[in-house]
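Notes follow the structure.
Chain naming here is simple, since letters A, B, ... match the order of the sequence lines and numbering starts at 1 in each.
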Amino acid sequence: MTNRYNPKESEPKWQQAWLENECFTTTKAPGKPKYYVLEMFPYPSGRIHMGHVRNYTIGDVIARYKKAKGFNVLHPMGWDAFGMPAENAAMERNVHPAEWTYANIDAMRSQLKLMGLSFDWDREFATCDVTYYRHQQELFLDFLDKGLAYRKEASVNWDPVDQTVLANEQVIDGKGWRSGAPVEKKKLSQWFFKTTAYADDLLESLQTLERWPEKVRIMQANWIGRSEGLKMTFQLVGEGAPEDGLGIYTTRPDTLFGASFCAVAPDHPIAESWTAKNREAAEFVERCRRSGTSAEEIETAEKLGFRLPFSAKHPFIEGKELPVFIANFILMEYGTGAIFGCPAHDQRDLDFARKYGLDVTPVVVPEQEDPVTFEIGAEAYVGDGKLANSDFLNGLEVEAAKDLAIRKIEERGEGTRTVNFKLRDWGVSRQRYWGCPIPIIQCDTCGPVPVPKADLPVELPSDIDFSEPGNPLDRHPTWRNVKCPKCGRPARRETDTLDTFVDSSWYFARFCDSHAKTPVNTTDTDYWLPVDQYIGGIEHAILHLLYSRFFVRAMKDTGHLSLKEPFAGLFTQGMVTHETYTDEHGKAVLPDLVRIETQGESRSGIHVETGKPVSIGATEKMSKSKKNVVNPEEIIKQYGADTARWFMLSDSPPERDVEWTDAGIDGAWKFVQRLWTIVHELGARVDPGDTQKAEPSKEAIGLRQLTHRSIASITEAIETFRFNLAVAQIYELSNTIRKSGPALKDANAADNEILADAVKALVQLVAPMMPHFAEEAWSNLGYTGLVVDQPWPEAKSEYSEIANVTMPIQVNGKRRAELSVPKDVPQAEIEKLALANDRIQEMIGDKAIKKVIVVPQRIVNIVVG
RNA sequence: GCGGAUGUGGCGGAAUUGGUAGACGCGCCAGACUCAAAAUCUGGUUCCGGCAACGGAGUGGGAGUUCGAUUCUCCCCAUCCGCACCA
C-alpha cells in the first residue's frame with residue numbers, strides 16, 4: 001500500500017472491475033424492491049460540461065446508495081440526439097448530421113465513462129436510432145387513431161431567408177435569430193397532440209406528486225391555467241353585423257352590468273372578415289402585428305382600438321348597445337378571442353375606456369365604500385364587495401353574483417358555464433430534416449393517409465443536400481414520392497419531422513426494455529415505472545415534464561402503459577457557476593488562461609500568456625459565450641473523477657447554484673489524500689488473538705458512538721438530498737478518527753476493532769460519492785469482494801446512545817454555565833444541580849428566583865427578577 | 001403587474017418539534033517540519049472592549065408572542081427566479 005492515492009491507476013482499474021462483474025447490468029428481480037433512478041439524458045453536443053458532471057454525480061450517489069440499501073436499481077443512460085445543432089453543423093462544416101451526432105455520442109460516452117457512473121450501458125440508445133424512432137412513429141399512429149393527434153392550420157413564425165419555421169425563442173425583436181430577416185406569420189397545415197384532452201387531469205394529478213418541488217408544481221399549474229367562467233354570445237346589430245353574434249369568454253359575469261364595450265383580437269375571424277374589405281382596419285391590424293412582444297413593450301404599450309361599424313346588444317339592459325372594437329390587447333389564443341369590457345373592474349379595460357371616452361360604471365363596491373359615492377379613478381377595483389347598479393344582482397357578493405348571472409344567461413340559452421385553460425394543444429410539426437419523420441402520406445385524392453404499420457419505419461434518407469436553406473427533405477429527388485397506401489395513386493410523404501420534445505417524452509419508458517420489438521415492453525414497464533427519482537435542471541420544469549406527463553397518459557389510452565405519472569420523485573439541481581474574466585480590451589478570457597494572485601484578502605488576475613492584468617467579473621452560469629467554463633475532462637485527468645465528484649457534492653446544497661473554484665477542487669483533492677492516509681495508517685485490523693477479554697477504552701467507546709451516529713445522520717442526509725451535510729459529517733468522522741486513531745490502533749484488540757470498524761464504515765459511507773477510492777481502500781484493507789456489492793452500514797442505537805449530556809444553564813435567557821449530567825437524571829435533580837453551580841449563584845446574587853425551566857437533555861433557564 | 005424563493009462571519013454554508021447561533025469546508029493569522037519552497041501537521045479565527053477571566057452586541061430592518069425566536073405572527077426592505085395584455 002502506497003501512501004499516496006493515485007486516481008490515474010485506481011479509477012480505470014475499478015471501472016474495469018465493475019464492468020467485468022456486471023455490477024450495473026440490471027434485470028428484473030422479483031422479491032426485491034425496485035428503484036428507478038434517472039438523470040435527464042443529454043443532448044450530444046460534443047463534450048460533457050460541468051452541469052452534466054453535477055447532474056450525473058447526484059444521480060449516481062442515489063443509485064449506488066439505493067443499491068447498497070438492497071434495492072434493485074435501474075440507472076440507464078442514452079442520448080437526446082435529434083435537433084437543430086446537428087443541422088447547423090451540417091451547413092457550416094459540410095458534415096452529415098448523423099455522422100456529427102454519432103461522433104459526438106462516442107466522444108461523450110467515453111467522457112462519461114471516466115466518471116465511473118453506475119449506468120447500465122446495455123440499455124443505451126439514441127433517439128436518432130431508427131430502432132427508437134420507428135416506435136415513436138407507431139405511437140404517433142396510435143395517437144392518431146385515438147384522436148390524440150390531429151392536423152390543423154396554424155400560423156407559425158416563418159423566416160423567409162432561411163426558409164424555415166422558427167420557435168418563439170428564435171424570434172428576437174421580430175427578426176430571425178440566424179438570418180436577421182423580419183419574421184413573417186405564415187399559415188401552415190400542422191400536426192398537433194391533444195394535450196388539452198388531459199388538461200384537468202394534468203392539473204389535478206399535480207397534487208399527487210408529493211416528491212416534486214412545490215415550485216415546479218406551481219409553474220405547471222400556472223401553465224395549465226385553469227379558470228372558471230361563462231362563455232356567451234352577444235347579439236350584434238348594425239351595418240355588416242355577423243348574424244351569429246359575438247362569442248366571448250369571461251371570468252367576471254358578475255360585472256355584466258358594468259360592460260361598456262366589446263373587443264375582438266386583431267386575428268379574430270370577425271376582424272379578419274372586416275379587414276378584407278376595409279383598408280383602415282387592415283392598416284390597424286398591421287400596426288398591432290408589428291408591435292413588440294417583449295416584457296417592457298407589453299408593459300408600456302398603449303391600448304389601441306379600431307371601432308367596427310356594428311354594436312353588441314347588452315343581454316340584460318333593454319336598448320343598451322355596446323360599441324365593438326378590434327383591440328390590440330385581446331389575444332386570439334385565449335378564450336374565444338373576444339371580450340366584453342368592464343372598465344371599472346379591469347385595469348386594461350379601464351385604460352382602454354379612458355382613451356376612447358367610454359362609460360366607467362362601478363358595479364362592485366368594496367365594503368367600506370358607499371355605493372352612491374363610490375367612484376373609479378385611475379385604478380380599476382378588482383377586489384371583493386357587494387354588487388350595485390346591477391338590477392337583479394344588486395346586494396349580492398361577487399361569488400353569488402357570478403353564479404346568478406351565469407344561471408340567467410344559461411336560462412336564456414345565450415351561454416354556458418365553462419372551464420377554460422391556458423394550455424394549448426402541442427404543435428409537433430417541424431420543417432426540419434434531423435428529426436423523427438411523421439409517418440403520413442399526403443394524397444391529392446385521399447388527403448393525409450397514415451403509413452401502414454407494416455411499412456414502418458419511415459426512415460430518414462441519408463443522401464441529403466444542405467447547400468440551400470430550408471428543409472432538405474422537401475428537395476429530395478425520390479424520398480418524397482410514394483404511392484398512396486389507400487388508392488395507390490402517386491402521393492407525397494409528409495416532410496415535416498416531429499418536435500424533439502416528442503423524443504424525450506417517452507424515453508424513460510423505453511429504457512425499461514431498450515430492445516423491445518414494440519415501443520415498450522409492458523411487463524418491464526409495469527415492473528420499473530414510474531421513475532422513482534428523476535434528476536435534472538429546472539429549465540425543464542414546464543415543457544419536458546408536462547409533455548412527458550401527457551405522453552404517459554396518451555400511451556395509457558392507447559394500451560402501451562398502465563400508469564399516469566411518469567416521475568414519482570423529481571429533484572431539480574442548481575447550476576454550476578464560475579467567475580468571469582475579461583482582458584484589457586473587454587474580451588472574455590478562459591479561466592485556464594488566468595492566474596489568480598492573492599494578497600491577504602485581495603485577489604487579482606494575470607493573463608498567463610500576455611502577462612497583462614485581467615479583471616475579475618461576476619460569477620455566472622458557465623457558458624461558452626462568457627468563456628467561464630472549465631473542461632471536466634481536464635479536471636478528471638488532473639485530479640481524478642472522485643475528486644471532481646466530491647467537490648460537486650461539498651458545500652453547496654444541490655438545489656442551489658455551486659461556484660466552481662480552483663480552491664474548492666484543490667480542497668477536495670486534499671481531502672481524498674487525507675482520507676487515504678487515514679485508511680492506510682489506521683484502517684488495518686489486527687488479529688484479536690488471546691487479548692479478547694480486553695474492555696474498550698473510553699475513547700474507543702466515544703469513537704464507536706460517533707461512528708454509529710454518523711452512519712445514521714449521513715444516511716438521513718443522502719435520503720433527503722442534503723449531500724453537503726453528508727460531506728460535512730464525513731469530515732467530522734474522519735477528523736475524529738485521525739485524532740483518536742493513533743492511540744487506539746495498538747492499544748488492545750477491542751480498541752483496534754472499534755477503530756477498524758470506524759474506518760470500514762467511513763469507506764462505505766464515502767463509497768457512493770467516491771466509488772473508485774472506496775474500492776481501492778476496501779481492497780487494501782483486505783476486505784473481500786467489492787464495496788459496490790456491500791450492504792449499507794447499519795447504525796446500531798445501542799452504540800450511539802450517550803451516557804452524559806451537557807446542558808447549558810441560562811439566567812434570564814443568557815447562557816452562563818454548563819452542566820454535565822447522566823442522561824436520565826430527574827428534572828428536580830437537574831434543577832438542584834443548576835442552582836448549586838457557583839457561577840450561577842454568583843449571577844443570581846440576592847435576586848429573587850421567579851421560575852426555573854428545565855427541559856430534560858436540553859437546557860435549564862433560571863428566571864430572576 | 002402576478003406567482004415563488006432567498007437574506008446567518010471575509011466566503012460556501014450548518015442549526016430535531018422554538019432550547020448552547022456559526023457544525024463542516026474555504027480563506028486568513030500564528031506556529032512546527034524544511035537551507036528554502038511545496039506538501040503535511042498543530043493551534044486560532046462572528047464583531048466590539050479586555051493581557052486574561054469575562055462582559056456587551058449579533059442571524060436583512062422594525063414590531064409582537066414566549067422563560068427562551070435564525071425558527072412562530074404582522075409590517076417593511078433587498079436580491080434572485082418563473083410567468084406575463086390569460087379577460
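For a distance-only test at 3.5 Å, the side chain of A/Arg816 fails to qualify as a donor-acceptor partner of the base of B/U20. A donor-acceptor contact under 3.5 Å links the side chain of A/Lys303 to the base of B/C85.
Between the side chains of A/Ser227 and A/Tyr334, at least one donor N or O sits under 3.5 Å from an acceptor N or O. Between the side chains of A/Gln207 and A/Arg217, not a single donor N or O lies within less than 3.5 Å of an accepting N or O. If you check the side chains of A/Glu579 and A/Tyr581, you find a donor sitting under 3.5 Å from an acceptor.
Set against B/U20, B/A87, B/A23, the side chain of A/Glu818 has B/U20 as its closest nucleotide. Distance from the side chain of A/Arg348 is smallest for B/C86 among the nucleotides B/A23, B/U17, B/C86. Considering only side-chain atoms of A/Val863, the nucleotide from B/C67, B/G25, B/C85 that sits closest is B/C67. Closest to the side chain of A/Ile859, from the set B/U20, B/C85, B/C24, is B/U20. Distances from the side chain of A/Arg839 to the nucleotides B/C54, B/C67, B/A23 place B/C54 closest. Among the nucleotides B/G19, B/A14, B/G12, the one closest to any side-chain atom of A/Pro653 is B/A14.
Atom-to-atom, CE of A/Met219 to P of B/C81 comes out at 13 Å; the value is rounded to the nearest Å. Protein atom NZ of A/Lys422 is 11 Å distant from nucleotide atom C1' of B/A87, rounded to whole Å.
For the ring-ring contact (aromatic ring centres under 6.0 Å, His included) with A/Phe325, the lone residue among A/Tyr356, A/Phe306, A/Phe340 that qualifies is A/Tyr356.
Counting heavy atoms from C-beta on, the side chains of A/Ser734 and A/Leu762 come closer than 4.5 Å. Using a 4.5 Å heavy-atom cutoff, the side chains of A/Asn724 and A/Leu649 are not in contact.
Residues A/Arg226 and A/Asp200 are paired through a salt bridge, judged by an N-O separation under 4.0 Å between the basic side chain and the carboxylate. Comment: A/Arg815 engages A/Glu818 in a salt bridge, judged by a side-chain N to carboxylate O separation of less than 4.0 angstrom.
Classified by its glycosidic torsion, B/G9 falls in the syn category, the angle being within 90° of 0.
Secondary-structure annotation of RNA chain B gives the stems B:1-7 with B:77-83, B:10-12 with B:24-26, B:27-32 with B:40-45, B:46-49 with B:54-57, B:60-64 with B:72-76, with a stem taken as at least 3 successive Watson-Crick or G-U pairs whose two distances both fall under 3.5 Å.
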Using nucleotides 42-51 of chain B, report all nitrogen or oxygen pairs with the protein that are shorter than 3.5 Å.
none

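Checking the phosphate oxygens (OP1, OP2) of B/A23, no side-chain nitrogen or oxygen of A/Asn724 falls inside 4.0 Å. For B/A57, the OP1/OP2 oxygens have a side-chain nitrogen or oxygen of A/Lys814 closer than 4.0 Å. For the OP1/OP2 pair of B/G3 and a distance below 4.0 Å, the side-chain nitrogens and oxygens of A/Arg217 include no atom meeting the criterion.
Only the C1' atoms considered, B/G62 is 27 Å distant from B/C81, to the nearest whole Å.
With sequence neighbours excluded, no residue forms a salt bridge (charged side-chain N to carboxylate O under 4.0 Å, His left out) with A/Arg424.
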